[in-house]
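All remarks here apply to the structure that follows.
Every value quoted in this text rests on a predicted model; they were computed, and no experiment measured them. Read the numbers this way: they start at 1 and go in the same order the structure lists the ligands and their atoms.
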Amino acid sequence: MLITGAAQRVGLHLVRRLKERGLPVIMTYRRHREVIDQLTAEGVRCVQADFATDAGIQALADALQGQPLSAIIHNASSWELEPALDAAACHFDAMMQVHAKAPYLLNRHLAPQVQDGGSIIHITDYTVERGSDRHIAYVAAKAALASLTLSFAKQLGPRVRVNAIAPSLIIFNEDDDEAYKAKTLAKSVMGIEPGSDEVWLAVEYLLNSHYVTGRTLHVDGGRHIR
Ligand SMILES: NC(=O)C1=CN([C@@H]2O[C@H](COP(=O)(O)OP(=O)(O)OC[C@H]3O[C@@H](n4cnc5c(N)ncnc54)[C@H](OP(=O)(O)O)[C@@H]3O)[C@@H](O)[C@H]2O)C=CC1
Ligand SMILES: Nc1nc2c(c(=O)[nH]1)N=C([C@H](O)[C@@H](O)CO)CN2
């Protein structure tokens, strides 16, 4: 199974849960850190990949050419605020590159290597259905990824199922202050920071299904009804 952007937080948690179940994992990271050496020593294949360029995406596809895959989880993401106008064009391209172009090209290259009955999972975002005034390009790119879910489900089914998981708050970032945390927690009915295992539960459901495809599982604490 391939998980992109899995050197920290949600992706790393998914790697650890899959390892607990004895499933062989290939993970990608952009920036090396100690956990990469730990995972390598534990038998995880760790591949450096930066999707900021088409060459970086192609390099991962080349590195995995011929590798049988039980599933692909497109988790890599960069959550960036809207920049000043003079940086907007580059920002938009960068958001589309990592959240939409990389999953698109990697699916085109690697889907034939996904085993019969396998899965592709796109990690999108709850805000795809609402928009965001502070992360306009990020949400637009995640919306593109949501659309890719439908198209690849049509193209690859019934051999391979393709679904999305749309989280709202899962885990805060280290630099989130108390005011931001309180404001964010108040946005959902459940009002908690659930942690990465909520995403794992959704991943496990989709991996075990034999019927669900072209669908998005919302892991959002009831934010949509708040
Ligand atoms: N955390 C949350 O509350 C929420 C998360 N999500 C989604 O869930 C998923 C996991 O979230 P989270 O764990 O917080 O993600 P992170 O913000 O921790 O990002 C995951 C990884 O993406 C990698 N990445 C970023 N840009 C690139 C790039 N250009 N090429 C390759 N890798 C890249 C980073 O690699 P490196 O560190 O090695 O540079 C990073 O470790 C994401 O898709 C996110 O959008 C959605 C809603 C809420
Ligand atoms: N790549 C990331 N995407 C998102 C993150 C994150 O930390 N990294 N965080 C969020 C927020 O938690 C948001 O859901 C609530 O404020 C969204 N996407």
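If you look at Val98 next to ligand 1, the close heavy atoms, those under 4.0 Å, all belong to the side chain. When heavy-atom distances to ligand 1 are checked against a 4.0 Å cut-off, Ala49 comes that close only through its backbone atoms N, CA, C and O. At a heavy-atom cutoff of 4.0 Å, ligand 2 is contacted by the side chain of Asn173 but not by its backbone. Contacts between His74 and ligand 1 below 4.0 angstrom, taking non-hydrogen atoms only, are absent altogether. Counting heavy atoms under 4.0 Å from ligand 1, residue Gln97 does not touch it at all. No part of Thr4 comes within 4.0 Å of ligand 1, judged by heavy-atom distances. Both the backbone and the side chain of Ser77 come within contact range of ligand 2, each with a heavy atom under 4.0 Å.
Close approach of ligand 2 to Thr184 is summarised as follows: ligand atoms under 4.0 Å from at least one heavy atom of the residue are 15 (C), 16 (O). The atoms of ligand 2 that sit less than 4.0 Å from any heavy atom of Tyr180 are 15 (C), 16 (O). Heavy-atom contacts of Leu169 reach the following atoms of ligand 2: 12 (O), 14 (O) (cutoff under 4.0 Å). Residue Arg9 approaches ligand 2 through these ligand atoms, each under 4.0 Å from one of its heavy atoms: 6 (C), 7 (O). The distance from ligand 1 to the heavy atoms of Ile123 drops below 4.0 Å at these ligand atoms: 7 (C), 8 (O), 9 (C), 43 (O). Ligand 1 places these atoms under 4.0 Å from at least one heavy atom of Leu169: 3 (O). Short contacts between ligand 1 and Ala52, defined as distances under 4.0 Å to a heavy atom of the residue, involve ligand atoms 29 (N). Less than 4.0 angstrom separates some heavy atom of Lys142 from each of these atoms of ligand 1: 42 (C), 43 (O), 44 (C), 45 (O). Set against the non-hydrogen atoms of Asp125, the atoms of ligand 2 under 4.0 Å away are 17 (C), 18 (N). The atoms of ligand 1 that sit less than 4.0 Å from any heavy atom of Ile170 are 2 (C), 3 (O).
Remark: of the listed residues Phe51, Tyr104, Tyr138, Phe92, Tyr138 is the sole one forming a ring pair (Phe, Tyr, Trp, His ring centres under 6.0 Å) with His99. Each of Leu14, Ile36, Leu18, Val35 was evaluated against Met27; a single residue qualifies, Ile36, per the side-chain contact (heavy atoms from CB on, under 4.5 Å) test.
Considering backbone and side-chain atoms together, Arg223 places no N or O closer than 3.5 Å to any N or O of ligand 2. For ligand 1, one of its N or O atoms has an N or O atom of Val10 under 3.5 Å away.
Contact detail for Leu206 and Val212: the closest heavy-atom pair is CD2-CG1, 4.0 Å. Listed here is the closest heavy atom pair of His74 and Ile120: CD2-CG2, 3.9 Å. Across Gly191 and Ser188, no two heavy atoms sit closer than the pair N-OG, 2.8 Å.
For atom 20 (C) of ligand 1, the closest non-hydrogen atom of the protein is Gly5 O, 3.6 Å. The single protein non-hydrogen atom nearest to atom 35 (O) of ligand 1 is Arg30 CB, 3.9 Å, given as residue, atom name and distance. In this structure, atom 38 (O) of ligand 1 lies nearest to the protein heavy atom Arg33 NH1, 2.7 Å. Among all protein heavy atoms, the one lying closest to atom 40 (C) of ligand 1 is Gln8 NE2, 3.8 Å. Counting only heavy atoms of the protein, atom 29 (N) of ligand 1 lies nearest to Asp50 OD1, 3.2 Å. For atom 19 (O) of ligand 1, the nearest non-hydrogen atom of the protein is Ser77 O, 3.3 Å. With hydrogens left out, the protein atom closest to atom 15 (O) of ligand 1 is Arg9 NE, 4.4 Å, a heavy atom. For atom 30 (N) of ligand 1, the nearest non-hydrogen atom of the protein is Phe51 N, 2.9 Å.
Protein heavy atoms are found inside the 4.0 Å sphere centred on atom 27 (C) of ligand 1.
Linking ILVMFWY residues whenever their side-chain heavy atoms come closer than 4.5 Å, directly or via other members, leaves Tyr126 and Ile136 in distinct clusters. No continuous path of ILVMFWY side-chain contacts below 4.5 Å connects Leu156 to Met1, so the two sit in separate hydrophobic clusters. Criterion: ILVMFWY side-chain heavy atoms under 4.5 Å apart, direct or through other members. Under it, Leu2 and Val47 are part of a common hydrophobic cluster. By the rule that hydrophobic residues join a cluster once side-chain heavy atoms approach within less than 4.5 Å of another member, Ile73 and Leu145 end up as members of separate clusters.
Taking CG of Asp133 as the reference point, atom CZ of Arg130 lies at 10.0 Å (rounded to 0.5 Å).
Using 4.0 Å as the threshold, Tyr126 has no heavy atom nearer than that to any atom of ligand 1.
Within a 6.0 Å radius of CZ in Arg17, more than 12 heavy atoms belonging to other residues, nucleotides or ligands are found. Within 6.0 Å of atom CD in Glu20, more than 12 heavy atoms from other residues, nucleotides or ligands are found, so the atom counts as buried in its surroundings.
Across the listed options Leu145, Val35, Asp125, Val128, Asp125 owns the non-hydrogen atom lying nearest to atom 46 (C) of ligand 1. Of the candidates Ala94, Ser78, Pro167, it is Pro167 that places a heavy atom closest to atom 6 (N) of ligand 1. Between the choices Trp79, Phe172, Tyr138, the shortest heavy-atom distance to atom 2 (C) of ligand 2 belongs to Trp79. When the heavy-atom distances from atom 32 (N) of ligand 1 to Ala141, Ala76, Ser168 are ranked, the shortest goes to Ala76. With distances taken over non-hydrogen atoms, the option nearest atom 10 (C) of ligand 1 out of Asn75, Thr127, Ile3, Ile73 is Asn75.
Side-chain N or O atoms of Arg161 include one that pairs as donor or acceptor with a backbone N or O of Ser209 at under 3.5 Å.
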Would Arg21 and Glu204 count as a salt bridge (Lys or Arg N to Asp or Glu O under 4.0 Å) if you check the C-alpha gap in whole Å, the side-chain angles of each, and the deciding distance to 0.1 Å? CA-CA 11 Å; Arg21 284 150 180 77; Glu204 194 175 36; 3.1 Å; yes

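Asp37 and His32 share a side-chain donor-acceptor pair at under 3.5 Å. Counted by atom type alone, Asp62 and Gln58 present one or more donor-acceptor pairs between their side chains at under 3.5 Å.
Taking the centre of each ring, His135 and Trp79 come in below the 6.0 Å mark.
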